[in-house]
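In what follows, a single structure is set out as structure tokens and then discussed.
Every chain is numbered from 1 and lettered A, B, ... according to where its sequence line falls, protein lines coming before strand lines.
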There are 2 protein chains.
Amino acid sequence: MAPTPKSDLLQGTLDLLILKTLSLDALHGYAIAQRIAASSRALLQVPQGSLYPALHRLENKGWLAAEWDQTETGREAKFYTLTRKGRLQLELEVADWKRLSEGIGLILAGAEE
Amino acid sequence: MAPTPKSDLLQGTLDLLILKTLSLDALHGYAIAQRIAASSRALLQVPQGSLYPALHRLENKGWLAAEWDQTETGREAKFYTLTRKGRLQLELEVADWKRLSEGIGLILAGAEE
DNA sequence: ATCGATAGGTAGCATGGCTAGGCATGGCAC
DNA sequence: GTGCCATGCCTAGCCATGCTACCTATCGAT
């Protein structure tokens with residue numbers, strides 16, 4: 001499949017990815033990772049050991065709410081939804097990302113002054 | 001000037017910025033920070049407490065070489081140049097950055113599957 | 001004389017993702 | 001029927017990296 005799956009992403013982007021993904025659908029953790037991989041055409045892959053701690057972190061910050069429910073296949077899973085604070089945070093992180101990627105883009109383009 | 005100068009950038013991008021900046025010119029540390037700010041139209045700003053340790057780190061990894069010289073204004077300053085290894089590393093980091101920013105772009109665009 | 005800009009540096013902290021494990025269940029192939 | 005893979009959740013401990021907050025020194029302009 002991908003020539004270099006290359007697991008690690010940059011610090012700080014994981015929250016953004018999770019928040020954005022959950023802004024479209026309430027999902028359980030495992031499905032979040034799948035959705036991120038699918039939506040990014042496998043460019044980004046989130047290892048479980050990064051995902052679950054991140055979900056707990058975001059929940060502690062009040063950006064996500066969790067509840068146990070059943071998946072379509074009848075299994076128990078913890079579903080996460082964005083809170084109002086989470087939506088605000090998502091907007092902030094999107095803005096930060098745009099600033100950063102624009103800045104880096106300028107520099108990589110070799111813009112002088 | 002910028003509404004939210006917002007100091008901190010994402011972890012992992014600093015090396016890329018330094019390497020790219022030095023790929024165009026040999027510069028001393030202080031000038032690197034200025035160049036990054038100028039090239040990014042002040043979107044990105046590197047605090048000294050991040051910059052100097054990073055330069056030492058990159059030098060230890062063999063990606064930069066340093067030597068003391070004089071600035072145009074006659075001051076002593078430590079000028080850094082990219083090594084061959086540094087150029088290779090730059091290519092890697094540029095590729096990683098593209099993968100990441102493309103991936104995030106897809107997700108923010110709401111691409112499904 | 002003093003202040004801002006130029007130029008370099010350090011110590012210590014906090015964050016946050018990774019590796020590497022573990023646990024449990026369900027469905028499918030053999 | 002049993003063994004394995006996918007699904008689903010989790011934690012401990014490490015380590016890399018950038019940040020804040022300092023310090024030092026020189027130079028030019030006020």
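- Mapping Pro53(B) and Gln11(A) onto DNA chain C by nearest heavy atom places Pro53(B) closer to the 5' end of the strand.
- Going from atom CD of Glu67(A) over to atom P of dC9(D) covers 13 Å, rounded to whole Å.
- Residue Tyr52(A) places its side chain closer to dC10(D) than to any other of dG17(C), dA7(C), dC10(D).
- If you take CD1 on Ile32(A) and OH on Tyr52(A), they are separated by 8.5 Å, rounding to the nearest 0.5 Å.
- With rounding to whole Å, Gln70(A) atom CD is found 12 Å from dG8(D) atom P.
- To the nearest angstrom, P of dG16(C) lies 9 Å from CD of Glu93(A).
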### Query
Do Asp69(B) and Lys78(B) pass the salt bridge (Lys or Arg N to Asp or Glu O under 4.0 Å) test, and can you show the C-alpha distance, the side-chain angles, and the key distance before you say yes or no?
CA-CA 6 Å; Asp69(B) 204 342; Lys78(B) 206 194 252 179; over 6 Å; no

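- Picking from dT11(D), dG8(C), dT15(C) the nucleotide with the shortest atom distance to the side chain of Trp68(B) gives dG8(C).
- Across dC10(D), dA7(C), dG8(D), the shortest atom-to-atom separation from the side chain of Tyr30(B) is found for dA7(C).
- Of the side-chain N and O atoms in Thr71(B), one or more sit less than 4.0 angstrom from OP1 or OP2 of dA7(C).
- Remark: P of dA16(D) and CG of Asp15(B) are 13 Å apart, rounded to the nearest angstrom.
- Between dT6(C) and Gln34(B), a contact under 4.0 Å exists linking OP1 or OP2 to a side-chain N or O.
- Along DNA chain C, the nucleotide closest to Arg75(B) and the one closest to Tyr80(B) are compared, and the more 5′ of them pairs with Arg75(B).
- Between Gly29(A) and Gly74(B), the residue anchored nearer the 5' end of DNA chain D, judged by the nucleotide with its closest heavy atom, is Gly29(A).
- Side chain of His56(A), nearest nucleotide from dG18(D), dG17(C), dT11(D): dT11(D).
- Side-chain to base pairing of Gln48(A) with dC9(D): one donor and one acceptor N or O lie within less than 3.5 Å of each other.
- Out of dT7(D), dC27(D), dG18(D), the shortest distance to the side chain of Arg57(B) is found at dG18(D).
- Taking only side-chain nitrogens and oxygens, Lys61(B) comes nearer than 4.0 Å to OP1 or OP2 of dT17(D).
- The interatomic distance linking Leu55(A) (CG) with dG8(D) (P) rounds to 14 Å, in whole Å.
- Side-chain contact check for Leu92(A) versus Leu88(A): every heavy-atom pair is 4.5 Å or farther apart.
- The distance from atom CG of Leu10(A) to atom C1' of dT15(C) is 15 Å, rounded to the nearest whole Å.
- Arg35(A) has a carboxylate O that lies under 4.0 Å from a charged side-chain N of Asp25(A), or vice versa, which qualifies the two as a salt bridge.
- Separating the CG atom of Leu51(A) from the P atom of dG8(D) is a distance of 13 Å, rounded to the nearest angstrom.
- Following rounding to the nearest Å, Ile18(A) (CD1) and dG16(C) (P) show an atom-to-atom distance of 12 Å.
- Transitive grouping of hydrophobic side chains (ILVMFWY, heavy atoms separated by less than 4.5 Å) keeps Phe79(B) and Leu82(B) in distinct clusters.
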